**Q** 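Sharing a structure with you now.
Letters A, B, ... are given to chains in the order of the sequence lines, protein chains preceding strands, and every chain is numbered from 1. It should be emphasised that the depicted structure is a prediction, and the values quoted were computed from it without experimental measurement. For the numbers below, each heavy atom of this structure counts, side chains included, while hydrogens, waters and symmetry mates do not.
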Amino acid sequence: MSFATSQMPEPEVIRRDPQELLDGLNPQQSEAVQYQGQALLIGAGAGSGKTRVLTRRIAWALSQWRAWPSQILAITFTNKAAREMKDRLETLIGPVAQRMWVSTFHSACVRILRRDGEAVGLTRGFTIYDQADSQRLMRTVEQQYGIDPKRVKPRDVLTAISDCKNELKDWRSQLKEFAPDFRPGQPGARLGHLEAGEQLYACLYAEYQRRLQAANAVDFDDLIMRTVQLLRLDPQVAAYYHHKFRYIFVDEYQDTNHAQYVLIRELAGLDADDGERPAAVTVVGDSDQSIYAFRGADIHNILDFEKDFPEAKTIMLEQNYRSTQTILDAANAVISKNQGRRPKKLWTDAGKGSPIVGYAADNDYEEAQWVVQEIVRLTVEDGFTYGDVAIMYRANAQSRRFEEALINAGVPYQLIGGTRFYERKEVKDAIAYLQCIANPADDTNMRRILNVPKRGLGERAEGTVAAYAESAGLTFWDALGRLQEIPGMTTRLARPLQAFRDLMEELIADAQAKDSNPSEIVAAVLDKTGIVEELRKSPDEQDQGRVENLAQLQSVAAEYEQNTPDSTLAGFLENVALVADSDQLPDEGENNGSVTLMTLHTSKGLEYPVVFLVGLEEGTFPHQRAMENVSELAEERRLAYVGITRARKRLYVTRAGERSQWGRSESKTPSEFLEDIPDALIDWKRKETAVDRRMMLGDDDSDEFGGFGGFAGFDDSDGYSTFGSRGGSRSSYGSGSRGGSGSYGSRGGSSYGSSSYGSRGGSSSYGSRGRSSYGSGSSYGSGSRGRSSYGSSSYGSRSSYGSGSSSYGSRNGKVSTRRVAATHSASSSHASSSAPRNSLTPQDLAAGDLVTHDKYGLGTVVAMEDKGENSVVTIDFGDGGVKRLMLRMAPIEKL
DNA sequence: TTGTGGGCTACTGGT
DNA sequence: TAGCCCACAA
């Protein structure tokens with residue numbers, strides 16, 4: 001396209017005093033801001049102030065090198081990061097910051113493809129398929145060729161295709177290599193006889209791509225690959241972007257894949273010979289934080305940066321401004337076990353700080369229970385707020401126990417990730433309508449909504465139309481416009497089909513009239529299609545929550561409309577398609593007073609004063625499927641490193657001796673990462689689990705322990721034995737009583753035996769107070785019962801539970817509604833777990849009363865704060881100090 | 001065509 | 001345990 005129009009001179013000259021931009025930076029940071037050259041790699045360790053350096057560097061380019069804002073392209077990993085960077089830049093340089101491209105890879109590519117995509121066959125309104133859409137399409141493709149989707153899983157095929165795309169291998173080259181005789185788009189062909197493998201995948205890739213093209217749709221990986229293709233194919237377009245972007249910045253460079261790497265090169269014009277000097281490229285990253293290999297990230301991009309980019313310079317930032325030295329020592333200890341990394345050691349001048357706190361629970365319920373109690377204690381006694389705390393786990397499925405425990409304790413929380421708002425069926429249905437309105441060629445979505453709500457159009461109707469469309473080379477939508485030509489069409493089918501077509505035509509016409517008001521289009525869809533009505537009429541209680549979700553979708557659209565000057569339906573859909581989990585997080589400094597729950601992956605780039613790293617067991621973290629493979633295990637280790645370095649002041653590490661999975665309970669041994677942390681750094685509140693002891697004693701029951709280690713002041717006994725043999729081979733238990741998976745010890749640790757399990761201490765220390773003792777989990781009610789009772793409405797991906805009662809929206813429309821009233825029924829099943837340790841009420845105690853505490857001994861009540869369940873009593877224990885204790889939890893008695 | 005119930009399989013991670 | 005798919009009945 002022409003590039004004369006958008007390269008207008010920019011009136012604002014950005015003036016900034018150099019000193020102002022270097023203020024408060026350490027020498028390495030300062031050098032990184034100022035370095036002027038073709039290519040710069042900033043090796044930014046965790047918490048080393050990288051965003052600060054990056055934004056200052058951009059401001060530096062603008063003010064000192066006279067760059068124009070429109071010449072800047074800054075790529076971040078998430079929309080949230082982009083938004084934050086834009087905000088910070090706006091503070092630094094003012095509103096001209098808006099002219100810069102600051103976005104994710106995917107958003108930038110959408111923008112390029114929307115503008116210039118016609119050269120690769122994409123018209124403006126193209127649809128972006130998410131994973132679910134892609135799977136649906138792949139299923140259709142497989143069925144067409146007589147392949148059983150159970151035998152050849154669409155997900156596996158898509159993974160293979162995704163790998164290809166990340167490597168920039170298009171379907172033609174795959175076909176040529178593995179199935180030269182196959183031609184996509186031959187309805188009669190049969191592939192059912194082929195084994196899953198390269199040949200079959202190549203065929204499916206070709207057909208999948210043909211269908212995407214016909215539907216004017218792309219999947220996530222296409223966004224990158226097709227942009228690269230575009231730049232390679234069309235010299236004019238390429239020249240436009242070479243000319244436009246003079247400064248390219250890439251954050252989280254360690255997580256780029258090959259396609260993204262090439263994209264940067266293409267945009268920078270590194271391999272072009274159009275007479276334009278290549279753009280200056282700055283990348284920021286930390287190879288120790290590379291955690292996305294599973295989706296194609298290639299750590300070599302960052303390791304080989306100096307080879308790849310001529311005259312590249314590397315500046316390392318190793319001073320950490322986030323965490324205490326103890327936390328950094330733990331992080332360094334864990335990551336140093338990885339082979340072949342460039343040695344790097346984070347340091348801080350912030351001092352040692354508190355020890356890391358460890359806790360080994362008997363099972364996942366108790367783990368959650370203990371964590372939540374400790375969180376409450378932190379807020380009551382140590383002055384933290386709920387918003388200071390994050391619980392991080394390896395897999396989303398682990399969140400449930402913590403949700404339950406938090407609800408029982410009445411602690412507000414927000415859950416990031418999990419089932420996303422936009423993946424919920426009803427929301428997806430409504431969006432499918434919108435997609436079809438924007439792009440009627442989108443067969444997958446058109447077929448999805450054909451019978452939503454129910455209009456008597458089943459498989460038969462869909463199949464008849466689809467077969468005709470296929471044979472006539474039409475889209476599904478076009479075929480619906482020629483019902484009378486379709487063979488086998490009966491009036492019985494034709495009538496509802498025609499009604500559907502009429503409905504859609506009405507919606508499309510309507511939408512065209514108000515394209516800049518997506519919220520009105522959403523309203524029309526909800527109203528005219530009858531999806532809301534169907535849900536309203538439903539006797540199923542859950543459906544009422546779904547109605548709320550749809551209402552929420554409408555407010556998301558309204559919000560988008562307000563925040564976007566040139567809002568369009570396509571723009572809204574794009575927003576919806578490209579949101580990331582972490583995009584739901586509140587912005588920096590916006591402490592919203594709830595505990596945050598998320599996966600370790602999502603936590604990247606964030607920090608919290610208090611971090612609980614939970615589920616540190618072999619098979620949980622590191623994940624079972626990563627344990628057999630050296631490189632995957634190395635990635636798990638980096639993930640642990642990421643997790644540890646999120647913590648600013650306090651770090652907790654916990655594990656469970658037993659964990660329920662698939663409704664079964666499995667015993668677990670401590671994670672090797674736990675053992676990598678030097679013992680001296682961890683203050684174990686409880687080190688051994690009942691399972692450990694059962695193993696040790698030879699499986700006879702020993703339920704004398706069970707209690708969790710206490711609340712304010714644990715019996716921090718020295719009597720706990722050390723786990724396994726430190727420093728040497730890890731100990732592992734035999735395959736346990738269940739013998740099932742046989743997974744323990746599979747990596748050659750010595751099997752559990754008396755020798756590797758040193759037991760010197762007494763057994764008496766656990767539960768010595770004997771107040772609360774549990775069996776190993778059996779007394780807890782089933783999780784599902786609890787869940788359904790409070791989950792009557794909806795969970796969003798950012799589900800949130802306030803101490804109040806009702807719902808909660810958010811920037812991206814992740815919603816949830818949870819009700820406190822219902823909560824208590826959930827708690828009843830394991831009420832014992834949060835049962836008070838005494839029967840004292842705020843009225844029982846007054847200043848001056850004498851009490852005894854299990855640990856601190858005799859004390860005098862100083863003050864009583866009546867907050868109902870959460871009442872706090874302040875007691876002076878003389879030499880033991882003055883403590884604020886949670887009344888219901890404190891092991892105290894009135895004298 | 002829609003609804004129901006039993007059986008199967010899955011829990012990495014996310015743009 | 002829980003969601004999904006399929007077979008079967010109305």
Side-chain angles (χ1 to χ4, degrees), chain A residues 75-82 103-110 128-132 134-135 139 148-150 153 155 159 162 165-166 218-224 252 255-257 259-260 290-297 392-401 416-420 422-423 425 451 453-462 492-493 496 540 574 576-584 598-604 615 619-627 629 632 635-636 638-639 642-643 659-666 781-788 791 797:
Chain A
I75 304 278
T76 58
F77 206 65
T78 62
N79 296 305
K80 175 174 183 276
S103 68
T104 62
F105 269 108
H106 291 88
S107 309
C109 287
V110 170
I128 301 163
Y129 276 12
D130 67 12
Q131 196 162 316
S134 296
Q135 278 192 39
R139 235 189 133 71
D148 178 5
K150 262 187 290 192
K153 297 210 175 61
R155 208 186 53 196
T159 303
S162 176
K165 289 177 175 178
N166 290 334
V218 293
D219 63 22
F220 284 133
D221 302 310
D222 277 334
L223 288 172
I224 315 287
E252 306 286 6
D255 287 321
T256 52
N257 60 37
Q260 290 164 333
S290 165
I291 53 172
Y292 282 103
F294 71 89
R295 84 181 189 213
M392 299 176 186
Y393 35 80
R394 178 61 178 81
N396 279 310
Q398 285 167 261
S399 71
R400 170 174 299 195
R401 298 281 174 262
I416 312 295
T419 307
R420 295 205 188 136
Y422 296 113
E423 286 168 6
K425 184 190 172 298
N451 198 29
K454 302 254 178 311
R455 351 181 133 84
L457 291 171
E459 214 178 306
R460 171 99 180 274
E462 184 187 334
R492 187 187 151 135
L493 280 182
D540 186 341
E574 190 175 296
V576 165
L578 298 177
V579 285
D581 277 347
S582 51
D583 291 337
Q584 317 146 36
M598 66 186 136
T599 64
L600 286 157
H601 280 90
T602 308
S603 78
K604 197 178 65 167
T620 308
F621 183 35
H623 191 272
Q624 192 67 52
R625 287 171 64 174
M627 285 172 60
N629 176 312
E632 281 183 48
E635 179 147 318
E636 296 284 300
R638 290 192 292 269
L639 194 55
V642 167
R659 183 171 294 281
S660 41
Q661 284 172 315
W662 302 306
R664 254 209 229 155
S665 191
E666 298 214 3
S782 76
S784 74
R785 252 190 305 139
R787 190 170 183 87
S788 59
S797 154

**Q** Taking protein heavy atoms under 4.0 Å as touching, what does nucleotides 5-10 of chain C look like 5' to 3' if B marks base contact, S marks sugar-phosphate-only contact and - marks none?
**A** -S----
**Q** May I ask you to say what Q131(A) touches in the nucleic acid, namely base, sugar-phosphate or nothing, with a heavy-atom cut-off under 4.0 Å?
**A**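 Contact class for Q131(A): base.
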**Q** Can you name the residues that form a side chain to side chain contact (heavy atoms under 4.5 Å, CB included) with R455(A), not counting sequence neighbours?
**A**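 Here the qualifying residues are Y433(A), N451(A), P453(A), L457(A), F500(A), L503(A).
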**Q** Holding to salt bridge (Lys or Arg N to Asp or Glu O under 4.0 Å), I want the full list of residues that pass it with D221(A), two or more places apart in sequence or in another chain.
**A**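 For D221(A), no residue satisfies salt bridge (Lys or Arg N to Asp or Glu O under 4.0 Å) once neighbours in sequence are set aside.
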**Q** With heavy atoms under 4.0 Å as the rule, sort D221(A) into base, sugar-phosphate or nothing.
**A**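 It contacts nothing in the nucleic acid.
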**Q** Name the nucleic acid region contacted by A397(A), choosing base, sugar-phosphate or nothing; use a 4.0 angstrom heavy-atom cut-off, strictly under.
**A**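 The residue A397(A) makes base contact.
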**Q** Which nucleotide of DNA chain B is the first, and which the last, in the 5' to 3' direction, to come under 4.0 Å of a heavy atom belonging to chain A?
**A**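 So the contact region on DNA chain B extends dT1(B) to dT15(B).
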**Q** Taking the C1' atom in each of dC5(C) and dT12(B), what is the distance between them to the nearest angstrom?
**A**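 Nearest-Å result for dC5(C) against dT12(B) at atom C1': 23 Å.
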**Q** Could you tell me which residues satisfy side chain to side chain contact (heavy atoms under 4.5 Å, CB included) with V576(A), sequence neighbours excluded, listed by chain and number?
**A**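 V576(A) satisfies side chain to side chain contact (heavy atoms under 4.5 Å, CB included) with Y422(A), I431(A), F572(A) only.
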**Q** Kindly write out the residues that satisfy salt bridge (Lys or Arg N to Asp or Glu O under 4.0 Å) with R638(A), not counting sequence neighbours, or none if the list is empty.
**A**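 E635(A).
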**Q** Please enumerate all residues that pass salt bridge (Lys or Arg N to Asp or Glu O under 4.0 Å) together with E636(A), with sequence neighbours excluded.
**A**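 By the salt bridge (Lys or Arg N to Asp or Glu O under 4.0 Å) rule, E636(A) matches R394(A).
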**Q** If the condition is side chain to side chain contact (heavy atoms under 4.5 Å, CB included), which residues does E574(A) pass it with, not counting sequence neighbours?
**A**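 With sequence neighbours excluded, E574(A) shows a side chain to side chain contact (heavy atoms under 4.5 Å, CB included) to V110(A), R114(A), I128(A), L578(A), given in chain and number order.
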**Q** Taking salt bridge (Lys or Arg N to Asp or Glu O under 4.0 Å) as the definition, give me every residue that meets it alongside K425(A), ordered by chain and number, with sequence neighbours left out.
**A**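 So K425(A) forms a salt bridge (Lys or Arg N to Asp or Glu O under 4.0 Å) with D429(A).
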**Q** Please work out if E632(A) contacts a base, only the sugar-phosphate, or nothing of the nucleic acid, heavy-atom cut-off 4.0 Å.
**A**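 Base contact.
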